[in-house]
Amino acid sequence: MIEIVLATGNPHKVEEMSAIFAGLLPPNAIRLVGLRDLATMLKITEPAETGGTFEDNASIKAVEYTRQTGMWCLADDSGLEIDALGGRPGVISSHYCTDGREAGMNRRERDGANNQRVIAELAGVSPENRTARFVCVMALSRGLQDRDSLLVRGTFEGRIGLPGEVPRGDHGFGYDPLFLVAPEYRFTSAELPPDRKNQLSHRAAAARLMADRLRSMLPG
Ligand code: ITT
């Protein structure tokens, strides 16, 4: 069995990823361990996400947690790319309203202000030109000798609704209330039942690609 640290302090994410992998890998092939479980034995420091791409940030986290724990590590970075904004908000998705700076706002305040900024910046842009995608990059670092982590990228396509049409929906978080899901553009990702979003999402796509790569590394 391969033990892999999942670079998250959120026990819910450990469960979610374990469930996805359980459906795609042989029984007991891998075991995911959250950072919180290790924190009782090791002092773990969170690295700064200073990269210019999702790949850089996911890699920084995977390599750094492997350095601190000596274990294989799986890390992810995600966000929203809007074509009419040249790919912004991109790697600063969670703090877009403050140009990527941490400004002491809680998540709810940030989500609201980020969404307002996106809507304002897309003023006058036609529906066809409001295409966007959620991106999730997962990086796997396979031990202390592994200089370059293995990377996969999952995407979830859609477009940003017009003012008046969005925000809509009570599920999800972040930009979900603005994001009309392709190819029909009838529902926002905040209107999808959580199970449905978990099948369609960028995270699920990246997890499936990562499971394929892990399967090819298993003995036998
Ligand atoms: P922190 O960067 O504050 O830890 P996070 O843990 O949510 O936030 P992610 O990399 O998962 O970090 O996502 C970064 C941001 O991208 C997130 O704060 C949202 O604004 C946006 N985002 C990512 N996935 C999303 C999704 O499924 N639905 C809506 N917004 C999403």
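Just follow the structure's listing: the first ligand is 1, and inside any ligand the first atom is 1. Scope of the values below: all heavy atoms of this structure, side chains included, with no hydrogens, waters or symmetry mates.
In the candidate list Ser93, Gly79, Ser78, Ala190, Ser78 is nearest to atom 14 (C) of ligand 1, counting heavy atoms. The heavy atom nearest to atom 3 (O) of ligand 1, considering only Lys197, Arg110, Glu49, is found in Arg110.
The shell of residues lying under 4.0 angstrom from ligand 1, judged by heavy atoms, excludes Leu80. For Asp176, the closest heavy-atom approach to ligand 1 falls below 4.0 Å.
Below 4.0 Å from some heavy atom of Asp77 lie the following atoms of ligand 1, by number and element: 10 (O).
Salt-bridge check for Arg108 with Asp111: failed, with every basic side-chain N at 4.0 Å or more from each acidic carboxylate O. For the pair Glu64 and Lys61, the salt-bridge criterion is not met [side-chain N within less than 4.0 Å of a carboxylate O]. Using a 4.0 Å cut-off between charged nitrogen and carboxylate oxygen, Asp83 and Arg133 count as a salt-bridge pair. Here Arg117 pairs with Asp99 in a salt bridge; the nearest charged N to carboxylate O distance falls below 4.0 Å. A salt bridge links Glu81 to Arg153: at least one charged side-chain nitrogen sits closer than 4.0 Å to a carboxylate oxygen.
Considering both main-chain and side-chain atoms, His202 comes within under 3.5 Å of ligand 1 through a nitrogen or oxygen pair. Between His95 and ligand 1, no N or O atom pair is found at a separation short of 3.5 Å.
Contacts between Phe156 and ligand 1, counted as non-hydrogen atom pairs separated by less than 4.0 Å, are absent for every part of the residue.
Of the protein's non-hydrogen atoms, the one nearest atom 18 (O) of ligand 1 is Ser94 CB, 3.1 Å. Ranking the protein heavy atoms by distance from atom 5 (P) of ligand 1 puts Arg107 NH2, 3.8 Å first. Ranking the protein heavy atoms by distance from atom 22 (N) of ligand 1 puts Phe173 CE1, 4.0 Å first. Closest protein heavy atom to atom 20 (O) of ligand 1: Tyr175 CE1, 3.2 Å.
Counting heavy atoms of neighbouring residues, nucleotides and ligands inside a 6.0 Å radius, atom CD of Glu165 exceeds 12 of them. Heavy atoms of other residues, nucleotides or ligands lying less than 6.0 angstrom from CG of Asp170 number 12 at most.
In summary, the side chains of Glu121 and Tyr96 do present a donor paired with an acceptor at a separation below 3.5 Å, with no hydrogens or angles considered.
Protein non-hydrogen atoms do reach within 4.0 Å of atom 24 (N) of ligand 1.
Ring pair Tyr175/Phe134 is tilted by interplanar angle, where 30° to 60° counts as tilted.
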